[in-house]
Amino acid sequence: VKVFGSIYPGLYCGCVSIQNPGMMFMAFEFENTLFGIDVNAWLLVRFITGLRHVPSAKEMLKQERDVVLHSLNNPGYRCLMDKNYIEAVEENWAELPGRPESKHEWLDEAQMDYEENMDVRMLVRYIQEAKYPVSFGSVDELNETAHAYMAFDRMTRDHRSQLTEDDARNGHTYRDYSYGGDFVSMFTGSGAVSLKRRWLDIDVNDSSILEP
């Protein structure tokens, strides 16, 4: 059961059993699955080979508790996770110092921010623990690479929701993007290339499906 973003009860760093450290899991759930699996694999290798020391159960529990408490320092996130806290906020909204004009807009913005980057911020911790060869900055301050990653993710998500009924009638899917130049790799800077024909018309055995 997932309790907060990518933090799992009973697991250290989302992959090592606190009760039985010999049990390790490829459990990291992330919107971009291959990236999450790769980071998780690097971390597991460090534990298995002894490059990363496995702390005592007491220390693992303390670190996991500290991570959760640190995440709850964000009032908006805490409203989404702590029933007693959001009830107190709603009851005392008028007396809160520096409150926004609209409580509902503030909560909507907090939820959007949570859904967009909370998993990325948790991923930063695992990237650092795994000595993964990509930096996303810190949990509190994401760097340009992390923001570029989130912008790319936002574009792919928004594009999927922009399909029209005409697209459906013409057999176009979210993969049939007329111009992929806006989709740029955060690692190489290379833009995406359009397909030679509609996705549904491409031969499964065609090894060169992209335009030259």
Side-chain angles (χ1 to χ4, degrees), residues 1-89 107 109-154 156-157 186-187:
V1 177
K2 185 167 60 174
V3 293
F4 192 87
S6 302
I7 300 174
Y8 300 82
L11 295 183
Y12 176 65
C13 288
C15 62
V16 178
S17 170
I18 294 176
Q19 288 188 338
N20 181 5
M23 291 185 65
M24 300 182 184
F25 302 85
M26 187 75 75
F28 186 72
E29 292 184 16
F30 188 56
E31 186 168 343
N32 294 277
T33 312
L34 292 179
F35 189 20
I37 288 175
D38 199 34
V39 172
N40 203 177
W42 275 65
L43 182 53
L44 286 172
V45 166
R46 286 185 61 78
F47 282 127
I48 292 169
T49 60
L51 292 173
R52 174 69 171 85
H53 170 67
V54 179
S56 66
K58 182 178 180 180
E59 180 59 26
M60 286 191 280
L61 284 171
K62 179 182 183 302
Q63 289 187 33
E64 291 301 307
R65 183 173 61 249
D66 289 346
V67 168
V68 174
L69 291 176
H70 181 75
S71 301
L72 292 178
N73 284 334
N74 183 308
Y77 294 172
R78 184 165 182 176
C79 282
L80 298 173
M81 304 303 300
D82 187 335
K83 180 176 179 292
N84 294 328
Y85 186 81
I86 182 58
E87 288 178 353
V89 168
L107 288 172
E109 290 176 1
Q111 183 167 359
M112 289 178 60
D113 180 69
Y114 171 84
E115 293 174 350
E116 181 171 280
N117 68 43
M118 192 60 216
D119 275 355
V120 173
R121 293 182 185 277
M122 291 297 100
L123 181 66
V124 169
R125 177 194 177 201
Y126 302 144
I127 285 175
Q128 293 172 340
E129 293 278 1
K131 305 293 185 184
Y132 194 75
V134 172
S135 173
F136 270 18
S138 67
V139 173
D140 293 318
E141 188 172 351
L142 301 177
N143 63 16
E144 290 184 5
T145 302
H147 286 295
Y149 177 86
M150 290 192 296
F152 183 93
D153 189 53
R154 194 181 309 118
T156 60
R157 184 173 59 249
M186 67 178 188
F187 297 112

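The two atoms that bring A148 and M186 nearest to each other are CB-CB, 4.3 Å, heavy atoms only. When every heavy atom of V39 is checked against every heavy atom of A130, the shortest pair comes out as O-CB, 3.9 Å. In terms of heavy-atom proximity, V124 sits nearest to L142 at CG2-CD2, 3.8 Å. Scanning both residues, P21 and M60, for their nearest heavy atoms gives CG-CE, 4.2 Å. Between R121 and V139, the closest heavy-atom pair is NH1-O, 2.7 Å.
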Start with the C-alpha gap between I86 and L107, add the side-chain angles, then the distance that decides, and say whether side-chain contact (heavy atoms from CB on, under 4.5 Å) holds. CA-CA 10 Å; I86 182 58; L107 288 172; 4.0 Å; yes
R78 and V89: side-chain contact (heavy atoms from CB on, under 4.5 Å), yes or no, with the steps? CA-CA 10 Å; R78 184 165 182 176; V89 168; over 6 Å; no
Check the pair H70, D140 against side-chain contact (heavy atoms from CB on, under 4.5 Å), reporting the backbone distance first and the verdict last. CA-CA 10 Å; H70 181 75; D140 293 318; 2.7 Å; yes
Would C15 and M26 count as a side-chain contact (heavy atoms from CB on, under 4.5 Å) here? Give the steps. CA-CA 6 Å; C15 62; M26 187 75 75; over 6 Å; no
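Counting only distance, with no hydrogens or angles, the side chain of Q63 and the backbone of C13 share no donor-acceptor pair below 3.5 Å.
Distance check: I127 CD1 to S138 OG gives 11.5 Å after rounding to the nearest 0.5 Å. Taking CG of N143 as the reference point, atom OG1 of T145 lies at 4.5 Å (rounded to 0.5 Å).
The aromatic ring centroids of Y149 and F35 lie less than 6.0 Å from each other. You'll find the ring centres of F152 and F187 outside the 6.0 Å limit.
Inter-residue side-chain proximity for L11 and F25 is flagged as met; some heavy-atom pair is nearer than 4.5 Å. With contacts defined as side-chain heavy-atom distances shorter than 4.5 Å, the pair K62/P55 does not qualify. I18 is listed as a side-chain neighbour of L61, based on a closest heavy-atom distance under 4.5 Å.
Annotation: cation-pi geometry not satisfied between R65 and Y12 (NZ/CZ under 6.0 angstrom from ring centroid, within 45° of ring axis).
Other residues, nucleotides and ligands contribute at most 12 non-hydrogen atoms within 6.0 Å of the CD atom of E144.
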Counting only pairs under 3.5 Å, give me each side-chain donor-acceptor contact of residues 41-51, with atom names and distances, residues two or more places apart or in other chains.
from	atom 1	to	atom 2	distance (Å)
R46	NE	E129	O	3.4
R46	NH2	L51	O	3.2
T49	OG1	V45	O	2.7

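E64 has no carboxylate O lying under 4.0 Å from a charged side-chain N of K58, or vice versa, which leaves the two without a salt bridge.
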